[in-house]
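Scroll down for the structure; my scribbles are underneath it.
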Amino acid sequence: MARELFESAVAIVHEPDLVKKTDLAMDTARAWLKRQMGKGRYDDLALPDQPGRPEKPELLPPGKMPKRNLRTEHGRKAHIHALAHIELGAVDLTWDLVARGCGHNLPRSFLDNWVQVGLEEAKHFRMLSNRLNELDSAYGDFPAHDGLWQSCADTAHDLLARLAIIPLVLEARGLDITPVMIERTQAVGDEATAKILQTIYNDEKRHVAFGAKWFRYQCDIERKQPIPTFQSLVRKHFRGALKPPFNDKARAAAGLTPSFYKPIAPIIG
């Protein structure tokens, strides 16, 4: 692979072919983690405004998305499709963070951690996409919404804000809801999908832990207090509500204690 990390990360986000996108994510991660590529030359003008996407799925506003019933085959496929779309968004957001991280004076371990996350998000999308194929469906067969990238666009040039919103709000939400999804998926007899969700849940714990570690690190660098800084950034940048119930045990194990999010949960949104 001729590219360096920055160039590869930008190329991943730009790539509209999802097989090529996830292949490049996996190949880049392996090369970086094996110390087979350098960081490369950062170029702010090369950073993407939008991720590359195929023509399908049709994108709808979140409020226009059809309801899904897991007790029907159509509903289960639509649910897996929605999860695949979320993981695809996570691929782009993570590699965008990697690219932007190349422009900061950060320890190499910062890039190591988020490259690992980028590898795992690509793996998650592939697993869910393959599961759709097993059910005689495919990614793109159902409508989706594009709120994930848009909700994070205004954190693009603020590392602390990006760390607050992506791992410490959005991925942390996965810790809250994924165990329930696993139970509901098992209840309708879909053990194959439940196993994929368990893998995603296990990986999400590490992603939140990386977020908590590097959020605190950057707060130290900027001489800011982590808890009030997190709360201020969420109030400013998160377009939604911090909704209970929270998986306090899993969040705390990842370094995100209730003192971060519970004081602002009732007043956001």
For the pair [X] (side chain) and [Y] (backbone), establish whether a donor and an acceptor sit closer than 3.5 Å, ignoring hydrogens and angles.
X: Arg216; Y: Gly255; value: yes
X: Lys21; Y: Val13; value: yes
X: Thr72; Y: Gly75; value: yes
X: Asp141; Y: Ala138; value: yes
X: Lys39; Y: Phe6; value: no
X: Thr22; Y: Val19; value: yes
X: Ser137; Y: Asn133; value: no

Residues in ring pair (Phe, Tyr, Trp, His ring centres under 6.0 Å) contact with [X], at least two apart in sequence or another chain:
X: Tyr261; value: Phe246
X: His74; value: Phe142
X: His124; value: none

- Query: In terms of side-chain heavy atoms, does Asp112 have a donor or acceptor partner in Trp32 at a distance below 3.5 Å?
  - Reply: yes
Look at [X] together with [Y] and state whether they make a salt bridge at an N to O cut-off of under 4.0 Å.
X: Glu87; Y: Lys123; result: no
X: Asp248; Y: Arg251; result: no
X: Lys243; Y: Asp176; result: no
X: Asp17; Y: Arg53; result: no
X: Asp203; Y: Arg206; result: yes

- Note on the structure: Closest non-hydrogen atoms of Pro179 and Gly174, given as atom of the first, atom of the second and distance, are CD-O, 4.1 Å
- Query: What residues form a salt bridge (charged side-chain N to carboxylate O under 4.0 Å, His left out) with Lys213, not counting sequence neighbours?
  - Reply: none
- Query: Roughly how far, to the nearest 0.5 Å, is the NE2 atom of His157 from the CZ atom of Arg100?
  - Reply: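 Output value for this atom pair is 4.5 Å.
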- Evaluate whether atom CZ of Arg71 has more than 12 neighbouring non-hydrogen atoms of other residues, nucleotides or ligands under 6.0 angstrom away. no
- Over 12 non-hydrogen atoms of neighbours within 6.0 angstrom of CD in Glu73: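 Open.
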- Message: Glu55: which residues meet the side-chain contact (heavy atoms from CB on, under 4.5 Å) condition with it, sequence neighbours left out?
- Response: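 Here no residue qualifies.
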- Determine the interplanar angle of the His81 and Tyr139 rings, folded into 0 to 90°, and report it as parallel if under 30°, tilted if 30 to 60°, perpendicular if over 60°.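 It falls in the parallel class, under 30°.
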- Message: Going by salt bridge (charged side-chain N to carboxylate O under 4.0 Å, His left out), name the pairs with one or both residues in residues 181-199, residues two or more places apart or in two chains.
- Response: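 Residue pairs with at least one partner in residues 181-199: Arg131-Asp190.
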